[in-house]
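Reviewing the structure listed below.
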Amino acid sequence: MPGAKVSAKATYCGHTLQAETDLNPLGQWTGRCVVDGPSFQGAVVLYTPFRAPTAALDALLTAARRLVDEG
């Protein structure tokens, strides 16, 4: 079912993390996470596809938390 979307929202160290992943025609999940907060604002893009939406969301949120920590 290409075009399906799954999203997750979290807070981390005063930042809001909004991740969204979607299913491409090959059955792979990719997406991005928008980060909004006092020390970092931007987006993380997931170029490596995952087989499950939960794995893709986890990777996006983990990368976003790292950027907040580095910022």
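Taking OG1 of Thr21 as the start and CH2 of Trp29 as the end, the distance is 6.0 Å to the nearest 0.5 Å. The CG atom of Leu17 sits 9.0 Å away from the OH atom of Tyr12 when rounded to the nearest 0.5 Å. Between the NZ atom in Lys5 and the CD atom in Glu20 there is a gap of 4.5 Å [rounded to 0.5 Å]. Separating the CG atom in Leu46 from the CG atom in Asp22 is a distance of 10.0 Å, to the nearest 0.5 Å. Going from atom NZ of Lys9 over to atom CG of Leu61 covers 12.5 Å, rounded to the nearest 0.5 Å. Interatomic distance, Leu57 CG to Ser7 OG, rounded to the nearest 0.5 Å: 7.5 Å.
Of all non-hydrogen atoms in Gly14 and Pro38, the two that sit nearest each other are O-CD, 3.4 Å. The shortest non-hydrogen separation linking Tyr47 to Val45 is CZ-CG1, 3.5 Å.
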Query - Evaluation steps, side chain to side chain contact (heavy atoms under 4.5 Å, CB included), between Phe40 and His15 - result: CA-CA 8 Å; Phe40 182 81; His15 291 72; 4.1 Å; yes
Requested in this report: Show your reasoning for whether side chain to side chain contact (heavy atoms under 4.5 Å, CB included) applies to Leu67 and Val44.
Outcome: CA-CA 9 Å; Leu67 285 176; Val44 176; 3.3 Å; yes
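The cluster map of Ile, Leu, Val, Met, Phe, Trp and Tyr, joined by side-chain heavy atoms under 4.5 Å apart, puts Val34 and Leu60 in different clusters.
Annotation for Arg65: atom CZ counts as buried by contact number, over 12 foreign heavy atoms lying within 6.0 Å.
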